[in-house]
Amino acid sequence: MRSSSDKTVRAAYDRLYEAYGPQDWWPGDTRFEIIVGAILTQNTAWTNVEKAIANLKRERILTPEAMKKAGKKTLASLIRPAGYYNIKTERLKNFIAMLFSGYGGSLASMAKTPTVTLRRELLSVNGIGPETCDSIMLYAFNRPVFVVDAYTKRIFSRHGLFKETADYHYVQKFFSDRVGPDAKVYNEYHALIVRLAKKHCRKKPDCVDCPLGRLELS
DNA sequence: GACCAGGCACATC
DNA sequence: GATGTGCATGGT
């Protein structure tokens, strides 16, 4: 049986897509850049991540081989603008270590890994949690995995679909069940949520001219 | 100067 | 199993 929230989840997507159009995510040119960006953006404004990525590009460290060779102090100094630079240096190195130990340093090889295995592998890396893992799954490897972030919980809990304290897996399943396994739609939906949130759904909401309006549970 | 940003691991109860 | 804390920069 289709619940009222089924339609709501789709209506929300339609309104966002109509208002903003395709978002052309992830903002990154290569698989590796997407993965690095996913780690660097943890609890951090994207504008700060851009500065860090630009530094890495300038120093030609935005490949697995180059980042493997780079010293931690060098790496930390380059990603400094993204904040938490010491812990993020460790996290990048942890990912690199897994990439080389499990896949010979080849993202193409990693890309051939079945979705369930790949997700388990990513989550086993210290510093890659559910959101970072699923961002990589969806945006670097095009797997149909819905990405849940703080905005997703904030927005849809405000609209009464679930509690803001609902756990990651619950919210992910909530959307997956109502959208169906579609990487293209998941890609746009998450990007549209971020787009919406940056303008309207900060901790102090600005609901004037919000394209979502009032989501009716009917 | 306070508050916030596309989390996560770890400690403690 | 829930809740609290450290990690850090740069924009508003």
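So you know, we letter chains A, B, ... as the sequences are listed, proteins then strands, and number each from 1.
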Every protein N/O lying under 3.5 Å from an N/O of nucleotides 10-13 of chain B:
unit_1	atom_1	unit_2	atom_2	d
B:dC10	OP1	A:Asn126	ND2	3.3

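For A:Arg178 and A:Phe174, the positive end sits near the middle of the six-membered ring, less than 6.0 Å away and at most 45° from its axis.
Atom CG in A:Leu78 sits about 16 Å away from atom P in C:dA8, given to the nearest Å. If you measure from atom NZ of A:Lys163 to atom P of C:dA2, you get 10 Å, rounded to the nearest angstrom. Remark: P of B:dC8 and CD1 of A:Ile39 are 10 Å apart, rounded to the nearest angstrom. The NZ-P distance, from A:Lys153 to B:dC8, rounds to 10 Å in whole Å. If you take CG of A:Asn43 and C1' of C:dG10, they are 13 Å apart, rounded to a whole angstrom. Distance A:Lys51 NZ to C:dT9 P: 14 Å, rounded to the nearest Å. Remark: P of C:dT9 and CD1 of A:Ile79 are 12 Å apart, rounded to the nearest angstrom. Here C:dG1 presents its P atom at 20 Å from OH of A:Tyr168, a figure rounded to the nearest Å.
Between A:Thr132 and B:dC8 there is a side-chain N or O to OP1 or OP2 distance below 4.0 Å. Checking the phosphate oxygens (OP1, OP2) of C:dC7, no side-chain nitrogen or oxygen of A:Tyr85 falls inside 4.0 Å. Contact check, A:Arg80 against C:dT9: a side-chain N or O comes under 4.0 Å of OP1 or OP2. Between A:Lys198 and C:dG11 there is no side-chain polar atom (N or O) within less than 4.0 angstrom of OP1 or OP2. When the side-chain nitrogen and oxygen atoms of A:Asn48 are compared with OP1 and OP2 of C:dG11, none of them lie within a distance under 4.0 Å.
Using a 4.0 Å heavy-atom criterion, one finds that A:Ala150 contacts the sugar-phosphate atoms exclusively. Across all strands shown, A:Ile128 has heavy atoms under 4.0 Å from sugar-phosphate atoms exclusively, and none from any base.
Between A:Arg119 and A:Asp134 there is a salt bridge, since a side-chain N of the basic residue sits under 4.0 Å from a carboxylate O of the acidic one. Using a 4.0 Å cut-off between charged side-chain N and carboxylate O, A:Asp14 and A:Arg10 make no salt bridge. In summary, A:Glu65 and A:Lys69 do not engage in a salt bridge, as defined by a charged side-chain N under 4.0 Å from a carboxylate O.
Under the 3.5 Å distance criterion, the side-chain polar atoms of A:Asn94 are left unmatched by any main-chain donor or acceptor of A:Val125. At least one donor-acceptor pair closer than 3.5 Å links the side chain of A:Thr113 to the backbone N or O of A:Met110.
Residues A:Phe156 and A:Thr8 have side chains not in contact (no heavy-atom distance under 4.5 Å, counting atoms from C-beta outward). Within the 4.5 Å cutoff, the side chain of A:Tyr186 has heavy atoms near those of the A:Ser176 side chain.
For A:Lys203, the side-chain atoms get nearest to B:dA5 when compared with the rest of C:dT9, C:dA8, B:dA5. The listed nucleotides are C:dC7, B:dA5, C:dG11; the one nearest the side chain of A:Arg154 is B:dA5.
Annotation: of the two residues near DNA chain B, A:Val125 and A:Tyr139, the 5′-most nearest-nucleotide partner is A:Tyr139. The residue among A:Pro130 and A:Lys204 whose nearest nucleotide of DNA chain B lies closer to the 5′ end is A:Lys204.
Comparing the P positions of C:dA8 and B:dC10 gives a spacing of 15 Å, expressed to the nearest Å.
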